[in-house]
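Data block below; observations after.
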There are 2 protein chains.
Amino acid sequence: MSNQELVVRGQGDGVGACCPGLLTAPLDEGQAVELAKVFKALGDPVRLRLLSMIASRAGGEVCVCDLTPAFDLSQPTISHHLKLLRQAGLIDCERRGTWVYYWLVPETTDRLANILTRPAGKPLPDRTAPAGAAS
Amino acid sequence: MSNQELVVRGQGDGVGACCPGLLTAPLDEGQAVELAKVFKALGDPVRLRLLSMIASRAGGEVCVCDLTPAFDLSQPTISHHLKLLRQAGLIDCERRGTWVYYWLVPETTDRLANILTRPAGKPLPDRTAPAGAAS
DNA sequence: ATCTTGCATCGACGGACATCAATGCAACCT
DNA sequence: AGGTTGCATTGATGTCCGTCGATGCAAGAT
C-alpha cells in the first residue's frame with residue numbers, strides 16, 4: 001500500500017534532482033515530464049483541499065472517513081483523488097484495522113517549494129524601463 | 001496585451017491571500033479553485049520548459065522566436081501554452097516592433113513557494129512508530 | 001500598395017480526465 | 001457462517017485539454 005509513488009525524493013534523480021530550480025536554468029524534457037506529473041496532481045481544487053486537510057491535521061494523519069463527508073462527491077471519486085495524490089508522492093497511507101489513514105510526504109512539498117524559489121542574488125530586471133524599448 | 005491575467009498578487013485576495021499556506025490550515029473551496037488554476041498551468045511539461053526558459057534567461061525576457069524552435073511543436077501550440085501561462089499570472093508579455101517578448105512574474109512563483117513551505121516549528125510526526133498501530 | 005515575417009486566434013479532432021453507480025475485498029461483529 | 005462497515009477498483013459517460021492546419025492581423029521591407 002505504500003509502494004508505487006513517483007520517485008521524487010532521491011538525491012540524484014527524480015523530479016528535483018540536482019537542479020537549482022525552475023527559475024535558474026532551462027529544464028530538460030525528462031525533468032519537465034516528471035515535475036509536470038506532480039503539479040498536475042495539484043491542479044485540481046478537490047485534490048488541493050484534500051491535501052491541505054491532510055497536511056494541516058494535528059497528529060499528522062487523517063482517516064478517509066473524515067475526508068469523504070467534507071465534499072459533495074461520491075466516495076469513489078474521493079478515493080480516486082487520493083490515489084492520484086499518492087501516485088504523485090505527495091501523500092502516503094496505511095491501513096489500520098478497518099480504516100485507512102493518510103499523511104503528508106513533506107519531502108515532496110519541500111522540493112516543490114525549492115524548485116519555485118528563485119536564487120537570492122538575482123536582481124529582478126527593471127520592468128519600468130524595458131531593455132530594447134521601441135523608439 | 002498585459003491585462004486579464006488572474007489576480008494572484010494582491011495582499012488581501014486572490015490565490016495566496018492571507019492564508020499561511022496549504023499545509024497549515026484547510027483551504028476553503030474558493031481558495032482551492034484559484035490555486036488549482038495556477039498549478040494546472042504548471043501541470044504540463046511543455047509549459048514547464050517554457051517557463052524555465054523564460055525565467056532563466058539573462059536579461060529577464062525572451063522573444064517568442066527564441067522559444068518556438070526549441071520544441072517539436074507547431075507555432076500555434078506554443079502560442080497557446082504561452083497564453084495559458086499568462087492567464088495564470090506566471091508570465092507577462094509585450095510587443096516590441098515585430099516581436100513579442102515574455103518575462104516571468106516572480107510575485108506569482110514566490111507566492112506558490114510560500115504556499116508550499118511548511119511552518120518552521122512543525123515537528124514532523126514520527127512516521128517510524130505510527131500512532132495507533134494495529135497490534 | 002504589395003509582399004513578407006512574427007505571432008495570435010479559430011475550428012476540429014483525438015486522447016485524457018473527473019465523476020458516478022456497481023462491484024469487490026478486507027476487517028470487524030455477532 | 002453470515003451480516004455490516006470502510007475503502008478501493010471497475011466500467012461507462014460527459015467534458016476538458018493538447019495538438020494541428022488554416023486563417024487573421026500587425027509591423028517592417030520593398
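Order of the sequence lines fixes the chain letters, A, B, ..., with proteins taken first and strands second; residue numbering starts at 1 for each chain. When reading the values below, keep in mind they use all heavy atoms of this one structure, side chains included, and skip hydrogens, waters and symmetry mates. Every value quoted in this text rests on a predicted model; they were computed, and no experiment measured them.
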Review point. Between A:R86 and A:Y102, is NZ or CZ placed under 6.0 angstrom from the six-membered ring centre and within 45° of the ring axis?
Key: no
Practice item. Take the protein atom CH2 of B:W99 and the nucleotide atom P of C:dA8, then report the distance between them rounded to whole Å. Key: 15 Å
Exercise for review: Please round to the nearest 0.5 Å and tell me the distance separating atom CD1 of B:I91 and atom CG of B:L82.
Suggested key: 5.0 Å
Practice item. To the nearest Å, give me how far apart CD (B:E94) and C1' (D:dA26) are. Key: 15 Å
Practice item. Any chance you could pull the hydrophobic cluster mates of B:Y101, using side-chain heavy atoms under 4.5 angstrom and chaining through other members? Key: B:W99
Check your understanding: Can you name the residues that form a side-chain hydrogen bond (donor to acceptor under 3.5 Å, both in side chains) with A:S74, not counting sequence neighbours?
Key -> A:T77
Review point. Does a side-chain N or O from A:S74 land closer than 4.0 Å to OP1 or OP2 of C:dC20, or not?
Key: yes
Exercise for review: Calculate the interatomic distance between B:D66 atom CG and C:dC7 atom C1'; express it in whole Å.
Suggested key: 14 Å
Check your understanding: Nucleotide by nucleotide, 5' to 3', does protein get under 4.0 Å of the base (B), only the sugar-phosphate (S), or neither (-) in nucleotides 10-18 of chain D, counting heavy atoms?
Key -> -------SS
Exercise for review: Measure the distance from CD1 on B:I78 to P on C:dG6 and round it to the nearest whole Å.
Suggested key: 16 Å
Check your understanding: Are B:T98 and D:dA27 close enough that a side-chain N or O sits under 4.0 Å from OP1 or OP2?
Key -> no
Check your understanding: Counting N and O atoms only, with roles assigned by atom type, does the side chain of A:Q31 sit under 3.5 Å from a partner on the main chain of A:D28, one being a donor and the other an acceptor?
Key -> yes
Exercise for review: Select base, sugar-phosphate, or nothing to describe what B:Y102 touches, counting heavy atoms under 4.0 Å on all strands.
Suggested key: sugar-phosphate
Revision key, fill the gap. In terms of heavy-atom contacts, A:A55 and A:L104 come closest through CB-CD2, 3.9 Å
Check your understanding: Taking atom C1' of C:dA18 as reference, at what distance in whole Å does atom CG of A:L85 sit?
Key -> 14 Å
Point to revise | Side chain proximity check, B:V62 to B:W103, heavy atoms < 4.5 angstrom | key: no
Review point. B:R95 CZ to D:dG28 C1': how many Å, rounded?
Key: 11 Å
**Study point:** Atom-to-atom span, CD of B:Q75 to C1' of C:dT4 - whole angstrom
**Key:** 15 Å
Review point. Rounding to a whole Å, what distance do you find between B:L50:CG and D:dT19:P?
Key: 10 Å
